[in-house]
Student: 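Below are the structure tokens for one structure; questions will follow.
When a ligand or atom number is given, it counts from 1 through the structure's own listing order.
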Amino acid sequence: MPSPLGHTLAGLAVGWCATDWSVESRASRWSPFVMGCAYAAAAPDLDLLYPPIHRLFTHSVGVTLVVIIIAGAVTRQVTGRVNWRIVLALAAAHASHVVLDWMGTDRFPPAGIQALWPFSHQFYLSGWDIFPNVERRLWRPDAFAVNLHAALMEVVIVGPVAVLSWVATRTRRSRAPTSGQAGRQPPSVAAVDTDGTWDRPGPRAGR
Ligand SMILES: [Zn+2]
């Protein structure tokens, strides 16, 4: 199954795709929102801190639903309404982990992930072996070569998706209104659809 590298690339791709450049900070593609998507995509493997639960409920649509509920509650609390762009992006980032692992290689029974928990406790694996297995027994002599190969495959497969998403942001950023231009929403409107990136209005254009 993919390493954190592949999952993080997928999360970044989701974050860049879902960024609304008309309300997000134009300063960086590494906004808290994008980094949050990257974290949501890689976080399920934190279950390795307690190996008995690895690949169980953490890798399921059940937790994706939990992400939706929590993100919905937080955005509603902060902005006054549910920000579905943020909610669905974080959910998609988490779901990307489930999908990538499902497409990966797993030689250790029970192979796969409990993707449909809590609706099913069955383990699912595509059998496509698109992503090579990662060797976590780092003391093994072939661990470095195995993991290097796995990382390269992840970059080759997921990297182009992330690059496409990155490049697409250039076009969308260029179309977004710049600071002080007409079309910028007043704070009362923008505040309900921003990640807290609204600054105080600058001097009016032309002054
Ligand atoms: Zn995983």
Student: Check Asp129 with Arg107, please: is the shortest side-chain N to carboxylate O separation under 4.0 Å?
Tutor: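 Result for this pair is yes, salt bridge flagged.
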Student: Between Asp101, Asp45, Asp106, which is the residue that forms a salt bridge (charged side-chain N to carboxylate O under 4.0 Å, His left out) with Arg55?
Tutor: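 Testing each of Asp101, Asp45, Asp106 against Arg55, the sole residue satisfying salt bridge (charged side-chain N to carboxylate O under 4.0 Å, His left out) is Asp106.
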Student: Decide if the gap between the ring center of Trp117 and the ring center of Phe57 is smaller than 6.0 angstrom.
Tutor: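 Ring-ring flag for Trp117/Phe57: true, centres closer than 6.0 Å.
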Student: Heavy-atom count check: over 12 atoms from other residues, nucleotides or ligands less than 6.0 Å from Tyr39 OH?
Tutor: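 It does not: Tyr39 OH has 12 such atoms or fewer within range.
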Student: Remaining members of Val146's ILVMFWY cluster at a side-chain heavy-atom cut-off under 4.5 Å?
Tutor: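 Members other than Val146 - counting any ILVMFWY side chain reachable under 4.5 Å - there are none.
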Student: Below 2.8 Å, which protein N, O or S atoms neighbour the Zn ion (ligand 1), ignoring water?
Tutor: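 Checking every protein N, O and S atom gives Asp45 OD1, His59 NE2, His97 NE2, Asp101 OD2.
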Student: With no hydrogens and no angle check, do the side chains of Asp47 and Thr58 hold a donor and an acceptor under 3.5 Å apart?
Tutor: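 There is such a pair between these side chains.
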